[in-house]
There are 2 protein chains.
Amino acid sequence: MKGRPTVFKNEEMVLKAQELFWEKGYTATSLSELSARTGAGAGSLYNTFKGGKKELFKKSLYQRKVDLEDFKTLLEKSDNPIELIKAFFLSVVTESKKSHFKGCIIANTIVEMTFIDEELGNNAIDILKETEKLYTTTILSEQKRGYIKSQIPATVLARHLITLWCGINTLRRIYPDKDILKQQIELQLQIIK
Amino acid sequence: MKGRPTVFKNEEMVLKAQELFWEKGYTATSLSELSARTGAGAGSLYNTFKGGKKELFKKSLYQRKVDLEDFKTLLEKSDNPIELIKAFFLSVVTESKKSHFKGCIIANTIVEMTFIDEELGNNAIDILKETEKLYTTTILSEQKRGYIKSQIPATVLARHLITLWCGINTLRRIYPDKDILKQQIELQLQIIK
DNA sequence: CTATTTTTGTACCAATCATTACAAAACACA
DNA sequence: TGTGTTTTGTAATGATTGGTACAAAAATAG
């Protein structure tokens, strides 16, 4: 390869940028902050991400879609995927206080973007919908296996998990408290039985 | 009174500003937009609200605290306050699509403000906590009256309602759909019985 | 060593941001 | 009608925004 070597790796920058977007949201995060956090100057930022700030944010969201795929394969391998999902929800409880305040970047984006940027908002919505779909198929399959006795439709139960996720996303900022969060999550996970 | 008469009434301006903040959040709402929406120039805005944009936002939040007080007196007068609370949650279902996209200004603010402005974030958190307190006393009183059989502590049930509220606040943007929202809210209100 | 190619850092761009300064406007009182 | 007082609309404030231009830097290829 010819030319000056690339020192700023695409994926590293996305992760650094994601951190910042996750904390402050899209609008409140400035390019100078992104530049400072990633260590890359404006030149490198725009050379790597042709679409500028918005493209960088898109990539940050997409990163979560990749994480979802990882979770999907994990569920498929498991012989008790429902317990895995419940464990995932409960794992939130023991996270750091800062993680509580950051919440979920997808849920945050849905709230922030509605009247700001429809495309970015829909990107986030799509990811949550895909997560819901994963829950639905998992629950449906476990209902057929008889591991879930509840006759409530799998779609409704899955959507309940999404609602819980979004609820906890805000509650953990009000109460970044292990016991309270555990109490609430366990109460609502009882519906999946 | 001496001097040029005040044409822009304090409360009217707060309500107009609240609309805009509600839609776009604090950061993304500019003073020029606020000026356009309220009809008042920058001069009047800063003359009426000495603290500028932030003060105007505070007043917008405080407006919801007033609404909460109204609901409180309504509950105190009712002989079936639990049904009133449940009806309140279900009333969300029939709201306009735009209302769904706007969500709850308090919950929105909690999500937006965490790493942006601690004071404004705490203002919003306080209002939700006060709402929770109202739910707690209501549920506790109805438990004593025997109208609620559940032995789950009133504090936990009240907090469940707050979690539900925050969850629906995001879900309604993903699914601004009457049937889906009704389904989810009813499912979760079953816990209060 | 030279030419070519790509990335990088910096200086710069116009636009917008929240806020302030201030003069004209609109009233009360005399 | 004139004086004092307050509000209003507008023009300017400096700071910051997202984005661009471009030359220096750093590599390869010949």
Side-chain angles (χ1 to χ4, degrees), chain A residues 1-14 16-21 23-61 109 112-113 115-121 123, chain B residues 1-14 16-21 23-61 109 112-113 115-121 123:
Chain A
M1 255 295 265
K2 243 177 174 182
R4 184 170 174 170
T6 312
V7 51
F8 294 108
K9 302 295 164 201
N10 193 303
E11 196 182 346
E12 282 176 34
M13 283 172 73
V14 169
K16 297 262 190 189
Q18 191 193 55
E19 265 186 65
L20 210 52
F21 282 133
E23 290 170 24
K24 308 191 65 179
Y26 179 73
T27 312
T29 302
S30 68
L31 271 159
S32 55
E33 286 174 296
L34 286 166
S35 190
R37 182 69 72 100
T38 58
S44 293
L45 275 172
Y46 277 87
N47 189 54
T48 315
F49 304 96
K50 300 280 159 56
K53 185 185 175 183
K54 185 168 172 177
E55 182 63 23
L56 192 45
F57 190 78
K58 272 192 195 176
K59 290 273 182 6
S60 295
L61 286 185
T109 302
E112 182 189 356
M113 286 304 163
F115 291 93
I116 308 296
D117 189 306
E118 210 186 325
E119 190 192 358
L120 292 179
N123 280 151
Chain B
M1 255 295 264
K2 247 178 172 178
R4 183 171 176 170
T6 312
V7 52
F8 294 108
K9 301 295 165 202
N10 194 302
E11 197 182 345
E12 283 176 33
M13 283 171 73
V14 169
K16 297 259 191 190
Q18 192 193 54
E19 264 186 65
L20 211 51
F21 281 134
E23 290 171 24
K24 309 190 64 177
Y26 179 73
T27 312
T29 301
S30 69
L31 257 119
S32 55
E33 285 174 295
L34 286 167
S35 190
R37 183 70 72 100
T38 58
S44 294
L45 275 171
Y46 278 87
N47 189 54
T48 316
F49 304 96
K50 300 280 160 57
K53 185 184 174 183
K54 184 168 173 177
E55 182 63 23
L56 192 45
F57 190 78
K58 271 191 195 176
K59 290 274 184 0
S60 295
L61 287 185
T109 303
E112 183 188 356
M113 285 304 164
F115 291 93
I116 308 295
D117 189 306
E118 211 185 325
E119 189 192 359
L120 293 179
N123 280 151

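Values below: all heavy atoms of this structure, side chains included; hydrogens, waters and symmetry mates excluded. Here the structure is a predicted model, which means the values were calculated and not measured. Below, chains carry the letters A, B, ... as their sequence lines are ordered, and counting in each starts from 1.
Formation of a donor-acceptor pair under 3.5 Å by the Thr109(B) side chain with backbone atoms of Gly121(B) is not found in this model. Side chain of Gln18(A) to backbone of Leu61(A): no donor-acceptor contact under 3.5 angstrom is found. Of the possible donor and acceptor atoms, none in the side chain of Ser35(B) sits under 3.5 Å from a partner among the backbone N and O of Leu31(B).
A donor-acceptor contact under 3.5 angstrom links the side chains of Glu33(B) and Ser30(B), judged on distance only.
One atom, CG of Leu31(B), and another, P of dT16(D), lie 17 Å apart when rounded to the nearest Å. Rounded to whole angstrom, the span from the CD atom of Glu33(A) across to the C1' atom of dG19(D) amounts to 17 Å. We find that CG of Leu56(B) is positioned 16 Å from C1' of dC17(C), with the value rounded to whole Å. Rounded to whole Å, atom P of dG19(D) lies 14 Å from atom CZ of Phe57(A). The separation between Leu45(B) atom CG and dA21(C) atom C1' is 16 Å, rounded to whole Å. At whole-Å resolution of the value, CG in Leu34(B) and P in dG9(D) are 15 Å apart. For the pair Lys50(A) NZ and dG18(D) P, the computed distance is 20 Å after rounding to whole Å. Here the P atom of nucleotide dT17(D) and the CG atom of Leu20(A) are 12 Å apart, to the nearest Å.
Residue Ser32(A) places at least one side-chain N or O closer than 4.0 Å to OP1 or OP2 of dT17(D). Considering only side-chain N and O atoms, Tyr46(B) lies under 4.0 angstrom from the phosphate OP1 or OP2 of dT19(C). Side-chain nitrogen and oxygen atoms of Ser30(A) include at least one within less than 4.0 Å of the OP1 or OP2 phosphate oxygen of dT17(D).
A 6.0 Å sphere centred on CD of Glu118(B) holds no more than 12 heavy atoms belonging to other residues, nucleotides or ligands.
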Listing time: all N or O pairs from protein to nucleotides 28-30 of chain D that are below 3.5 Å?
from	atom 1	to	atom 2	distance (Å)
dT28(D)	O4'	Met1(A)	O	3.4

Atom pairs, N/O to N/O, protein against nucleotides 9-11 of chain C, distance under 3.5 Å?
from	atom 1	to	atom 2	distance (Å)
dT10(C)	O4	Gly43(A)	N	3.4

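Each salt bridge (Lys or Arg N to Asp or Glu O under 4.0 Å) pair with one or both residues in residues 2-13 of chain B, not counting sequence neighbours, would appear here, but there are none.
With a 4.5 Å cut-off on side-chain heavy atoms, Phe57(B) and Asn123(B) do not count as touching.
Here the nucleotide nearest the side chain of Asn47(B), chosen from dT7(D), dT19(C), dT17(D), is dT7(D).
The residues Glu19(B) and Arg37(B) are annotated as salt-bridged, a charged nitrogen and a carboxylate oxygen being separated by less than 4.0 angstrom.
For the pair Lys53(B) and Tyr26(B), the cation-pi test (distance below 6.0 Å, angle within 45°) is passed.
Residue Thr29(B) is classed as a sugar-phosphate contact, given heavy-atom separations below 4.0 Å to backbone atoms only.
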